[in-house]
Amino acid sequence: MIELDGMQVRFGRFMAVESLSLSVPAGELFGFLGPNGAGKTTTMRVLSGALRASAGRVRVAGCELPRELARLKPRMACVPDVDTHYEDLSARENLRLFARLYGVDPRAVDTWLARVELSEAADLKVRSYSRGMKKKLLIARELMHAPQIIFLDEPTAHLDRHSVSRVHALLREQVAEGRTVFLTTHDMDEVEALCDRVALIAHGRLLACDTPARLIARHAQRWCEVQYESEGRSQRLSLRMDDDAEREQLASLLRTHPHLRMHTREPAFEEVFRSLTAAATAARGVPA
Ligand SMILES: Nc1ncnc2c1ncn2[C@@H]1O[C@H](COP(=O)(O)OP(=O)(O)OP(=O)(O)O)[C@@H](O)[C@H]1O
């Protein structure tokens, strides 16, 4: 559904994305992650046709970009990280307007208002909406025409926990129906809960691409939290179980402190993100 081959984006002499190659099949929920300024939004703008790549090949839903953008547009949705509503219209009026533009059955408007839990507020002007409500309206507006490929820039930023679950459920429904979802996020719990696969970029370069579970197994440490008494004082230590010296230190403590308390900490995706981005920053000679 998405094929990037050696895609580059330069702004003047600054290289924002450097030779990015990625392949995302149909029906996948794909997360695109990276620290601030990594090149995520820039990449998404290229994929959705808002920006031309400086080099490389870009293919989305069978359309070669930028040449076949007009053919891609009706098959695609793009939920940006800024609101683009008509603020002086109500939510219902906004959706009706876009339903007409997209050639969608107007009855879908009420269905989508209900799906994003905005039925009660449907006739209020969007100007009075909270940021979370505006984001949910934007998602409804963009999903209403059943696009094959859905791009979302931080779709759950500013949403409360209940709304995050609602949006996650909606996105899972989309992929269950064979559509493809490509989203950016800074929320590492969201990555583990939602994404089939993720790509991690920093400084415009791809660092890793795999399932969250495989990335955790490969890049996250297993920790053991240890608590024991020494010279009348309580001591706490976090020891890495993949490090020979620290494993030996634990064995030694177990011999000398039989009442030691310990528990293992499950590795989380947060640690994959931290370790890979810190290594990428160090490789550029910049202090982390
Ligand atoms: N139009 C532009 N002109 C010049 N530089 C730009 C332009 N757009 C983006 N950049 C630069 O390209 C780099 C990547 O920006 P981008 O917005 O893609 O990052 P991001 O990964 O989405 O970051 P964030 O998580 O903060 O949203 C940044 O250094 C940014 O300043």
Side-chain angles (χ1 to χ4, degrees), residues 2-22 24 29-58 60 65-66 69 76-84 131-132 134-135 138-139 142 149-159 164 167 171 180-195 197-210 212 215 219 268-288:
I2 296 175
E3 295 289 340
L4 282 180
D5 188 9
M7 192 274 278
Q8 262 184 24
V9 180
R10 269 180 265 111
F11 295 113
R13 290 168 58 188
F14 175 70
M15 182 75 85
V17 181
E18 197 170 326
S19 195
L20 181 62
S21 297
L22 266 186
V24 180
L29 205 158
F30 192 85
F32 198 49
L33 324 175
N36 291 134
K40 303 180 296 295
T41 303
T42 303
T43 301
M44 197 173 288
R45 291 184 66 215
V46 170
L47 290 171
S48 58
L51 183 70
R52 243 170 210 259
S54 314
R57 187 158 176 244
V58 182
V60 180
L65 293 185
L69 179 59
M76 167 189 89
C78 194
V79 179
D81 62 348
V82 286
D83 301 316
T84 51
R131 288 174 87 176
K134 286 181 184 176
K135 181 51 81 71
L138 198 55
I139 292 171
E142 290 301 312
I149 168 94
I150 303 156
F151 297 107
L152 305 106
D153 206 354
E154 297 187 42
T156 54
H158 315 298
L159 296 189
V164 168
V167 169
L171 296 179
T180 308
V181 171
F182 184 101
L183 59 83
T184 71
T185 180
H186 286 290
D187 181 342
M188 299 301 132
D189 293 337
E190 177 159 73
V191 171
E192 282 192 71
L194 187 65
C195 297
R197 251 176 0 124
V198 293
L200 183 54
I201 62 163
H203 312 291
R205 288 190 191 170
L206 184 67
L207 304 180
C209 180
D210 211 332
L215 288 171
H219 299 285
F269 194 83
E270 177 85 47
E271 208 175 319
V272 175
F273 184 86
R274 259 191 280 121
S275 80
L276 286 176
T277 53
T281 303
R284 288 166 62 87
V286 182

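Order of listing sets the numbers, starting from 1, for every ligand and every atom in it. In this text the structure is predicted, and so the values were computed from the model without any measurement.
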Which protein residues come within less than 4.0 angstrom of ligand 1, counting heavy atoms only?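 Its neighbours under 4.0 Å (heavy atoms only) are Phe11, Phe14, Ala16, Pro35, Asn36, Gly37, Ala38, Gly39, Lys40, Thr41, Thr42, His186, given by chain and number.
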Return the set of residues passing ring-ring contact (aromatic ring centres under 6.0 Å, His included) with Phe151 (not counting sequence neighbours), or none when no residue passes.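 Applying ring-ring contact (aromatic ring centres under 6.0 Å, His included) to Phe151 gives Phe182.
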With distance as the sole test, does Glu142 use its side chain to make a donor-acceptor pair with the main-chain N or O of Cys78 at under 3.5 Å?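 A pair under 3.5 Å: yes.
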Any side-chain to backbone donor/acceptor pair from Thr184 onto Asp153? Under 3.5 Å, distance only. no
Could you go through Lys40 and His186, starting from their C-alpha distance and side-chain angles, then the distance that decides it, and tell me whether this counts as side chain to side chain contact (heavy atoms under 4.5 Å, CB included)? CA-CA 11 Å; Lys40 303 180 296 295; His186 286 290; 3.6 Å; yes
Check step by step if side chain to side chain contact (heavy atoms under 4.5 Å, CB included) holds for Val198 and Phe269. CA-CA 11 Å; Val198 293; Phe269 194 83; 3.8 Å; yes
Could you walk me through whether Ser21 and Leu4 pass the side chain to side chain contact (heavy atoms under 4.5 Å, CB included) check? CA-CA 5 Å; Ser21 297; Leu4 282 180; 5.6 Å; no
